[in-house]
Amino acid sequence: MRNAHKLIDSVYLSMFTLGYKISTMTLPDILKKSLFLSLKIFGIGLIIGLVLLIIFWATTPSAYVIEKFEPSLSTEVYDRNGELVYTFYLQKREAIRFSEIPRNVINAFIAVEDKRFFEHNGIDVVRLIKSIAVDVVTLRPAQGASTITQQLARNMFLTPQKALIRKIKEMILAIKIERTFSKQEILERYLNIIYFGNGIYGIQTASKYFFGKDVRQTNLAEATLLAAVPKSPNLFSPIYNYESAITRQRTILKLMRDGGFITEQEYQEALNTQVKITPTTITPTGIIGAYFMDMVRNYVISRYGEDFLYKGGGKIYTTMDMDFQMKADSILPAMLDYIESSYKLKPAKKDYKNKKENPDSETPYLQGSLVTVDPNTGEILALVGGRDRSESEFNRVTQALRQPGSAFKPFVYLTALDNGYYGTDKVNDAPIVLYEGSENEWKPANFDGKYMGEITIRKALALSRNLATVDLALQVGPEAVASYARRCGFTTTIPPYPSVALGALSVSPYELTAAYCTIANYGKRVRPFFIKKIVNRAGIVLEENKPQSQQIFDSTTVYILINLMKSVFTEGTALPAITSYGWTRPAAGKTGTTNDFRDAWFIGFTPDLITTVWVGFDSVRTIFKNATGAGVALPIWTQYMKETLKDQPVKDFAVPSGIVFAETCDESGVLSTQNCPQTHIEPFRTGDEPHEFCKIHTPSPVQEKLRKLREVGGTKD
C-alpha cells in the first residue's frame with residue numbers, strides 16, 4: 001500500500017514538472033519540439049513499414065514460382081470417335097489460350113473489373129484512394145479496389161478472406177505478377193482461373209456449362225453474362241438467379257458502351273438478345289462406362305500419379321465406343337432384372353439393404369458382366385463389370401475368376417484341327433471313367449445324361465457334348481490342349497488333365513475373351529487394350545498404344561474352327577438366338593455352363609466384334625436349376641449385339657486362300673450322294689478334301705431301276 005502511494009506521488013510530480021517546462025517554453029520551441037517528435041515517429045513508422053514490406057516481399061512467392069504456377073485443370077476422357085465421355089477433376093476447368101478468347105469476353109471483364117487494366121502496374125492507385133475514401137465515409141469496407149492482377153494473385157496463392165495482411169500480400173503479388181507476365185498472359189491466366197459457381201472454373205468450362213457451347217461461339221450478350229457471374233457466383237448465377245444475372249449483365253453492357261468497347265448499335269442489339277441458358281453437365285450424371293472409367297483411373301494413376309489425373313488437364317483417348325457402352329450399360333442390368341424377377345431369385349437387388357456401405361465388396365444378388373472387343377485390333381469397345389457400380393466396385397470382367405465350363409471347348413477342337421482333324425471326323429460320345437492322380441476318379445457326363453455314340457466333330461461342338469469332347473481331348477492329349485490354350489493368350493496356369501477339356505480351371509472373362517480373339521482373328525493373337533493415347537496439357541503425347549498382333553496359327557486351321565462354331569448358332573446350343581430372339585447375322589460362338597449351374601456364359605463373335613457375357617452369383621452358388629449359358633447368357637448377348645449392329649451391314653466371315661469346300665455325308669464323312677440323309681458343306685485345306693463318294697447310302701435296286709428307266713426315257717425324247 002505504501003508503494004502504491006509512492007507511485008502516485010511520482011506520477012503527480014512528473015506531470016507537474018512537464019507542465020512547468022511547457023509553460024516556460026516559447027511557441028517556436030513548442031513547434032520545434034513537435035516537429036522533431038513527429039519526424040521521429042514518422043521515421044520509426046517508415047522503418048517498421050520498410051521492414052514489414054521486406055518481410056512480406058520475401059515471404060510471398062518468387063517470380064520463378066509465379067511463372068511455374070499451373071492451375072488445377074480437368075483431365076478429359078474421350079471415346080474412340082473423339083466424343084467426351086468423362087472428366088476427372090478437383091476443379092472443373094478447361095484452359096483456353098488468349099488468342100482464342102473472343103474480344104467481347106475480354107472487354108466485358110475489363111469494363112466491369114478493371115477499366116484501367118492496361119494503364120497500371122498491378123495496383124490502380126486512383127481506384128484505391130477512392131475506395132479508401134468511401135470506406136472511411138461509410139465506416140465499413142464498402143468498395144472493392146482489387147485489379148484483375150490482384151484478383152489473379154488472390155486466386156493463385158491466397159484465400160478470399162478479408163484481412164489487412166492478405167490485402168498487403170495481394171498487392172505485393174500483383175506487382176510481382178506484372179513484372180513476370182505480359183498483360184495478355186495475365187488476362188489469359190485470370191480468365192482461366194476465376195470461379196463461376198457449381199465447381200466450375202474458367203470461362204471455357206463456364207460457357208459450356210451455362211450455354212452448352214464453346215466460349216469462342218458466344219455472342220456479346222453471352223459474353224457480358226459470363227462477366228456478370230464471378231463477382232458473386234451464387235447471387236448472379238444465370239441458372240438460379242436469372243433476373244439478377246441479367247440486371248448485372250445490362251450494367252456491364254452500359255459500362256462497355258460508355259468505355260468505348262462497343263457501339264450504341266451493338267449495345268442495343270445485345271440488350272434485345274435473349275440469352276438461352278442450357279445447363280450442361282460437364283461430366284454426365286450417370287457415368288457412362290463406370291467400370292471402364294475405373295480401369296482408366298487406375299491405369300493413369302499407376303503410370304502418372306493422382307495429380308496428373310485430377311489436376312493435370314490432360315486428354316485421355318480410349319478405345320471405348322460410347323454408343324456400344326451405353327447399350328451395354330442399359331441392356332445388361334435390365335436383362336438381369338428380368339431374370340431375377342422371372343425366377344424369383346433371392347435376395348433380389350431391389351431388396352439389398354447394404355447399399356453403398358462397402359462398394360468394394362461383392363454382392364449377394366445375381367450379377368453379370370459383359371465385354372466387347374474388336375478381335376482384329378484388340379480394342380476394348382465396351383465393358384460392364386457388374387450390375388451397379390455404386391453398390392460394388394468389384395470388376396467382374398477383370399477380377400472375377402470363374403470356371404468357363406463348356407466355353408473352353410473350342411480350344412480342344414482347335415488343337416485337333418491343327419493336327420489334321422476335320423469336322424467330318426468322328427468322336428465317341430459314350431461313358432468314360434478316368435483317374436486324375438492315383439485316387440481321384442472322374443466320371444464326366446453329358447448335360448442330358450444321354451449318349452449319342454459316334455458323332456462328327458461338328459456335331460459334338462455344336463451340341464456341346466461333354467463326353468465326345470473328352471474323347472477328342474484324350475486323342476490329341478491334354479498337354480497339347482493346355483499348350484494350344486496358352487498360345488491363344490491364356491495366362492492362367494492350365495492343368496494338363498482331361499478335365500480341362502470341360503473348363504476345369506478358373507479364368508476371368510477378360511482373359512477368356514482375349515484367348516477367343518485369337519480364334520475370331522484367324523489365328524492372329526492380339527493384345528487387348530483400352531488406352532489409345534494420353535496427352536498432357538501442353539499437347540505433348542505421353543504414350544500412344546497401337547494394335548499389336550502375332551500370327552500364332554495358320555488361318556486355314558482357324559477358319560475351319562470358325563466354320564464349326566457357326567453351327568453352334570445354326571444347329572446347336574445357340575439356336576434359340578435365331579429361333580427365339582431374332583438373330584439373323586452370320587456369327588460363331590460357344591455356350592458355357594458349369595457344375596450345379598453356378599456360371600452361365602456365352603461368347604460369340606461376328607467378323608468385327610466379339611462379346612462375352614457371364615452371369616452368376618459372386619458367392620459361387622447355383623443360379624437356378626437348369627440355368628444354362630443358352631438360357632441365361634445367350635439372350636443378353638443377342639439383345640445387346642442386335643442393338644449394337646442394327647445399323648451395320650451384314651457381313652460373313654472371309655474365306656482364306658487354301659480352303660476348299662465339299663458337301664459330305666455326316667455318316668460316312670466323304671462326298672455325299674443324293675441319297676445321303678444328312679449332309680454338310682465342310683471346309684478343307686486344299687488337297688485334303690475327299691474324292692470318294694458315300695458308299696453307305698447307295699440307291700436300292702428299285703431306285704437304280706427307276707433311275708435307268710428315266711435315263712432311257714430321256715434318251716428317247
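This one's a predicted model, so the numbers in the text were calculated from it and none came from an experiment.
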Does a side-chain heavy-atom distance below 4.5 Å link Phe88 with Val296? yes

So for atom CZ, which belongs to Arg527, do other residues, nucleotides or ligands contribute more than 12 heavy atoms lying within a distance under 6.0 Å? yes

Audit row: Glu266, Met256, side-chain contact (heavy atoms from CB on, under 4.5 Å) steps and yes/no: CA-CA 10 Å; Glu266 290 173 322; Met256 291 185 72; over 6 Å; no

Backbone N or O of Ile200 within a donor-acceptor pair of the Asn198 side chain at under 3.5 Å? no

Listed by chain and number, what are the ring-ring contact (aromatic ring centres under 6.0 Å, His included) partners of Tyr365, not counting sequence neighbours? Tyr352

Derivation of the salt bridge (Lys or Arg N to Asp or Glu O under 4.0 Å) call for Lys311 and Glu306: CA-CA 8 Å; Lys311 302 178 183 179; Glu306 288 191 9; over 6 Å; no

Determine yes or no for a side-chain-to-main-chain donor-acceptor pair under 3.5 angstrom, with Asn155 supplying the side chain and Ile194 the backbone. no

Is a donor on one side and an acceptor on the other found under 3.5 Å between the side chain of Arg257 and the backbone of Ile262? no

Using a distance-only test with no angle check, is there a side-chain donor-acceptor pair under 3.5 angstrom linking Tyr201 and Ser72? no

Using only atom types and a distance under 3.5 Å, with no angle test, would you say the side chain of Ser549 pairs donor to acceptor with the backbone of Val526? no

How close do Phe308 and Gly314 get, counting heavy atoms only, and between which atoms? CZ-CA, 4.3 Å

Would the distance check show the side chain of Asn545 and the main-chain N or O of Ile531 forming a donor-acceptor pair, the cut-off being under 3.5 Å? yes

What is the distance from atom CG of Asp321 to atom CZ of Arg80, rounded to the nearest 0.5 Å? 4.5 Å

With a cut-off of 6.0 Å (strictly less than), are more than 12 heavy atoms of other residues, nucleotides or ligands near CD of Gln265? no

Given side-chain hydrogen bond (donor to acceptor under 3.5 Å, both in side chains), test Gln184 with Glu188 step by step and report yes or no. CA-CA 6 Å; Gln184 288 75 16; Glu188 179 182 312; over 6 Å; no

If you measure from CD on Gln151 to OH on Tyr190, what distance do you get to the nearest 0.5 Å? 4.0 Å

Treating Lys176 as the side-chain partner and Pro61 as the backbone partner, does any N or O pair qualify as donor plus acceptor under 3.5 Å? yes

So CG of Leu381 and CZ of Phe292: to nearest 0.5 Å the spacing works out to 8.0 Å

With sequence neighbours left out, what residues match Phe261 under ring-ring contact (aromatic ring centres under 6.0 Å, His included)? none

Any side-chain donor near an acceptor of the partner, Lys183 and Thr149, under 3.5 Å: no

Heavy atoms of Asp114 and Ile148 approach each other most closely as OD2-N, 3.0 Å

Is Ser369 close to Tyr291 at the side-chain level, that is, under 4.5 Å between some pair of heavy atoms? no

Determine yes or no for a side-chain-to-main-chain donor-acceptor pair under 3.5 angstrom, with Gln204 supplying the side chain and Val215 the backbone. yes

With distance as the sole criterion, is a donor-acceptor pair present between the side chains of Arg387 and Thr363 under 3.5 Å? no

Below 4.5 Å, heavy atoms only, C-beta onward: do Thr273 and Leu220 meet side chain to side chain? no

Side-chain contact test, heavy atoms from C-beta onward, threshold under 4.5 Å: evaluate it for Val384 versus Val397 and give yes or no. no

Between Met295 and Met320, is any pair of side-chain heavy atoms under 4.5 Å apart? no

Flag this pair as yes if the NZ/CZ of Arg297 is under 6.0 angstrom from the six-membered ring centre of Tyr86 and inside a 45 degree cone about the axis; otherwise no. no

Just by distance, do the side chain of Gln150 and the backbone of Thr147 share a donor-acceptor pair under 3.5 Å? yes

Validation row: Glu543, Tyr304 side chains within 4.5 angstrom (heavy atoms): yes

More than 12 heavy atoms of other groups within 6.0 Å of Met326 CE: no

Would you kindly check if the NZ (Lys) or CZ (Arg) of Lys315 is within the cone defined by 45 degrees around the ring axis of Tyr78 and under 6.0 Å from the six-membered ring centre? no

Stacked cation flag Lys533 on Tyr317, 6.0 angstrom / 45 deg: yes

Could you tell me whether the side chain of Asp329 and the main chain of Gly289 form a donor-acceptor pair under 3.5 Å? yes

Just so I know, are the side chains of Thr372 and Thr644 near enough to count as touching, which here means a heavy-atom distance under 4.5 Å? no

Assess whether side-chain contact (heavy atoms from CB on, under 4.5 Å) is satisfied between Val125 and His120, documenting all intermediate values. CA-CA 8 Å; Val125 178; His120 62 67; over 6 Å; no

CD1/Ile380 to CZ/Phe529 distance, rounded to the nearest 0.5 angstrom? 9.0 Å

May I ask you to test the Ile316-Leu309 pair for a side-chain heavy-atom distance under 4.5 Å? yes

Electrostatic pair Lys115:Asp124 at N-O distance under 4.0 angstrom: no

Residues Ala400 and Pro509: closest non-hydrogen pair is O-CD, 3.6 Å

Does a donor on one side chain and an acceptor on the other come within less than 3.5 Å for Tyr299 and Arg303? yes

Go through it in stages, so that I can follow the logic: the residues are Phe98 and Glu185, the test is side-chain contact (heavy atoms from CB on, under 4.5 Å), and I'd like the CA-CA distance, side-chain angles, deciding distance and then a yes or no. CA-CA 7 Å; Phe98 179 81; Glu185 290 172 329; over 6 Å; no

Derivation of the side-chain contact (heavy atoms from CB on, under 4.5 Å) call for Val275 and Phe210: CA-CA 10 Å; Val275 180; Phe210 294 131; over 6 Å; no

Would you say that more than 12 heavy atoms from the other residues, nucleotides or ligands in this model lie under 6.0 Å from the NZ of Lys276, or not? no

Using modelled atom types and a 3.5 Å cut-off, is there a donor and acceptor pairing between side-chain atoms of Glu222 and backbone atoms of Asn219? yes

